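Here the structure comes first, spelled out in structure tokens, and everything after it is commentary.
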Number of protein chains: 2
Amino acid sequence: MPKTPPARTKRDVILEAALDLFSRYGLHGTSVDDIAARADVSKSNLLYYFSSKEALYVALLRDLLVLWMEPLRAFSAEQDPVEAIQAYIRLKLINSRDRPEASRLFCLEMIQGAPLLREELDQMVRRVVEEKSGVIRAWVASGRLAPVDPDHLIFALWATTQHYADFGVQVQSITGKTLADPAFFEATIENVQRIILDGIVKR
Amino acid sequence: MPKTPPARTKRDVILEAALDLFSRYGLHGTSVDDIAARADVSKSNLLYYFSSKEALYVALLRDLLVLWMEPLRAFSAEQDPVEAIQAYIRLKLINSRDRPEASRLFCLEMIQGAPLLREELDQMVRRVVEEKSGVIRAWVASGRLAPVDPDHLIFALWATTQHYADFGVQVQSITGKTLADPAFFEATIENVQRIILDGIVKR
DNA sequence: GTCTATATGCCGATAGAC
DNA sequence: GTCTATCGGCATATAGAC
């Protein structure tokens with residue numbers, strides 16, 4: 001029984017339009033009219049698929065959270081830590097380049113105290129981080145990684161990579177480049193990897 | 001001629017209330033009524049001091065931007081780079097602890113493409129970063145710092161420190177602590193400094 | 001499933017008295 | 001400078017025909 005092809009349903013179109021707008025203007029800065037216009041459906045038709053604006057917003061966040069945590073799941077104690085972390089930085093920067101809206105939407109939600117995502121935060125995210133903290137601890141214990149608090153390392157990895165999506169405007173204002181520029185993209189990967197892995201102190 | 005004492009004018013009270021709310025709910029998520037209530041003034045009285053909600057928002061951003069860039073200004077080529085960067089990380093984390101609202105407001109504005117701050121970004125921020133990039137380049141050239149792109153280093157410093165303000169909810173959800181906890185605060189400084197300066201590769 | 005029309009409430013800003 | 005009253009606009013959501 002072949003799976004139904006990933007048809008671009010109207011629901012998906014609406015979700016995508018909503019992501020574009022919510023991630024830039026926030027829940028309150030976006031009107032249902034705006035989303036409907038961008039998705040090329042009527043407002044009442046949109047409200048047929050999602051019972052309210054907030055329901056649409058929450059549906060979006062839930063869908064994205066899973067994708068968002070995926071790169072971290074790859075960590076396992078058997079891997080070489082340097083390779084694993086290098087690969088992780090590359091993956092997250094690919095996300096920042098290809099799906100900056102997703103990153104921005106999470107950032108918006110976090111800033112506002114994650115009122116609609118707190119439950120997932122306190123459960124799923126917490127669980128994954130705890131598990132992966134264990135992996136990092138094992139790397140440190142086996143002498144393959146310098147002593148570092150796993151939580152703070154994960155925060156540093158998140159922060160340095162998501163920065164290029166969330167603060168993309170600032171990055172562009174300062175460097176004149178975006179991650180869409182292949183040379184700049186590779187230089188970014190290289191520099192983030194070097195800073196996190198090797199630090200900047202001369203030896 | 002002694003300066004007038006820093007009297008807490010009504011204008012200041014309004015600005016502070018606005019910061020609290022804007023930084024959490026954004027420009028559109030905050031009503032003038034909300035701000036007025038929190039500042040304990042009437043709505044029309046507020047609109048006597050600020051001609052519109054947007055004017056208030058912009059006034060706030062301009063005031064904060066100056067404070068926000070201050071820690072970076074301290075960088076100078078004569079300093080020892082390790083000490084300068086350690087001090088910088090500490091200062092920024094103090095800001096994240098004591099004024100998380102300011103950090104969040106900037107983050108919000110950046111995510112939205114900085115429509116009301118782009119001019120300042122392209123001028124003042126850009127100028128300061130260019131100047132301090134020169135300092136970092138000098139540190140590298142003189143062999144006191146490992147080779148690193150100055151812009152990416154500045155991004156990494158910003159990202160890792162501001163993360164504790166902007167994603168404070170997530171930090172608390174995962175670690176159970178906030179920067180208000182003195183032990184956690186010192187551990188954070190220590191870990192961020194170590195990651196950026198020494199990296200995490202075992203040698 | 002999709003549409004038009006509309007009910008309903010909120011919010012920014014102004015008018016004008018004091 | 002501060003107040004009360006209110007206008008006008010916009011946005012969410014629903015009703016009900018097709």
Side-chain angles (χ1 to χ4, degrees), chain A residues 4-63 101 105 108-109 111-113 115-117, chain B residues 4-63 101 105 108-109 111-113 115-117:
Chain A
T4 46
R8 190 162 213 64
T9 69
K10 196 176 264 197
R11 199 171 178 276
D12 296 333
V13 175
I14 294 170
L15 280 167
E16 196 182 312
L19 173 57
D20 282 347
L21 293 171
F22 282 149
S23 69
R24 210 164 297 264
Y25 308 111
L27 173 63
H28 302 287
T30 305
S31 75
V32 177
D33 257 324
D34 294 340
I35 301 169
R38 175 171 276 250
D40 206 40
V41 300
S42 76
K43 178 167 56 169
S44 14
N45 196 201
L46 187 155
L47 288 166
Y48 167 77
Y49 285 93
F50 297 92
S51 60
S52 72
K53 181 168 84 162
E54 216 180 75
L56 169 55
Y57 185 77
V58 173
L60 200 51
L61 279 179
R62 294 180 107 87
D63 280 6
E101 324 81 24
L105 191 67
L108 271 177
E109 185 61 13
I111 285 177
Q112 307 191 0
L116 302 168
L117 213 63
Chain B
T4 46
R8 190 160 212 67
T9 68
K10 194 176 265 198
R11 199 172 177 276
D12 295 333
V13 175
I14 294 171
L15 280 167
E16 197 182 312
L19 174 58
D20 281 349
L21 294 171
F22 282 149
S23 70
R24 209 165 297 263
Y25 308 110
L27 174 62
H28 302 288
T30 306
S31 74
V32 177
D33 259 322
D34 294 340
I35 302 168
R38 175 171 275 250
D40 206 39
V41 300
S42 74
K43 177 166 59 167
S44 14
N45 196 202
L46 186 155
L47 287 166
Y48 167 79
Y49 285 95
F50 297 92
S51 59
S52 73
K53 182 167 84 161
E54 215 180 78
L56 169 55
Y57 184 77
V58 173
L60 200 50
L61 278 179
R62 295 181 106 86
D63 281 5
E101 325 81 25
L105 192 65
L108 270 177
E109 184 62 13
I111 285 177
Q112 307 191 1
L116 301 168
L117 214 63

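Numbers restart at 1 for each chain; the letters A, B, ... are given by sequence-line order, proteins then strands. Keep in mind the model is a prediction, meaning the values are calculated, not measured. Reckoned from all heavy atoms, side chains included, excluding hydrogens, waters and symmetry mates.
Taking a 4.0 Å limit (strictly below) on heavy-atom distances, residues 19-40 of chain A does not reach DNA chain C anywhere.
Side-chain contact between Leu56(B) and Leu15(B) is present, with at least one heavy-atom pair separated by less than 4.5 Å.
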> Given Asp40(A) and Val13(A), is the side chain to side chain contact (heavy atoms under 4.5 Å, CB included) satisfied, shown in steps?
Replying inline: CA-CA 9 Å; Asp40(A) 206 40; Val13(A) 175; over 6 Å; no
>> Using side chain to side chain contact (heavy atoms under 4.5 Å, CB included), reason through Gln112(A) and Leu27(A) one step at a time and then give a plain yes or no.
In response: CA-CA 11 Å; Gln112(A) 307 191 0; Leu27(A) 173 63; 5.7 Å; no
> Step by step, would you call Phe22(B) with Leu108(B) a side chain to side chain contact (heavy atoms under 4.5 Å, CB included)?
Replying inline: CA-CA 9 Å; Phe22(B) 282 149; Leu108(B) 270 177; over 6 Å; no
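For Arg62(B), the salt bridge (charged side-chain N to carboxylate O under 4.0 Å, His left out) partners are Glu120(B), not counting sequence neighbours. For Lys53(B), there are no salt bridge (charged side-chain N to carboxylate O under 4.0 Å, His left out) partners at least two apart in sequence or on another chain.
Within the structure, the side chain to side chain donor-acceptor pair (under 3.5 Å) test picks out the following pairs touching residues 15-29 of chain B (sequence neighbours left out): Arg8(B)-Glu16(B), Asp20(B)-Arg38(B). Sorted by first and then second residue, the ring pair (Phe, Tyr, Trp, His ring centres under 6.0 Å) pairs with a member in residues 31-50 of chain A form an empty list; sequence neighbours excluded.
Rounded to whole Å, atom P of dC3(C) lies 5 Å from atom CG of Asn45(A). Atoms CG (Leu46(B)) and P (dC3(D)) sit 11 Å apart, rounded to a whole Å. Spacing between atom CG of Leu56(A) and atom P of dA13(D) amounts to 10 Å, rounded to whole angstrom units. In this structure, Glu54(A) atom CD and dT12(D) atom C1' are separated by 12 Å, rounded to whole Å. As a whole-Å value, the separation of Phe50(B) CZ from dG1(D) C1' is 15 Å. In this structure, the NZ atom of Lys53(A) is 17 Å from the C1' atom of dT14(D), given to the nearest Å.
Phosphate proximity of dT2(D) to Tyr48(B): absent, as no side-chain N or O sits under 4.0 Å from OP1 or OP2.
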Nucleotide N/O to protein N/O under 3.5 Å, stretch nucleotides 14-18 of chain C:
none

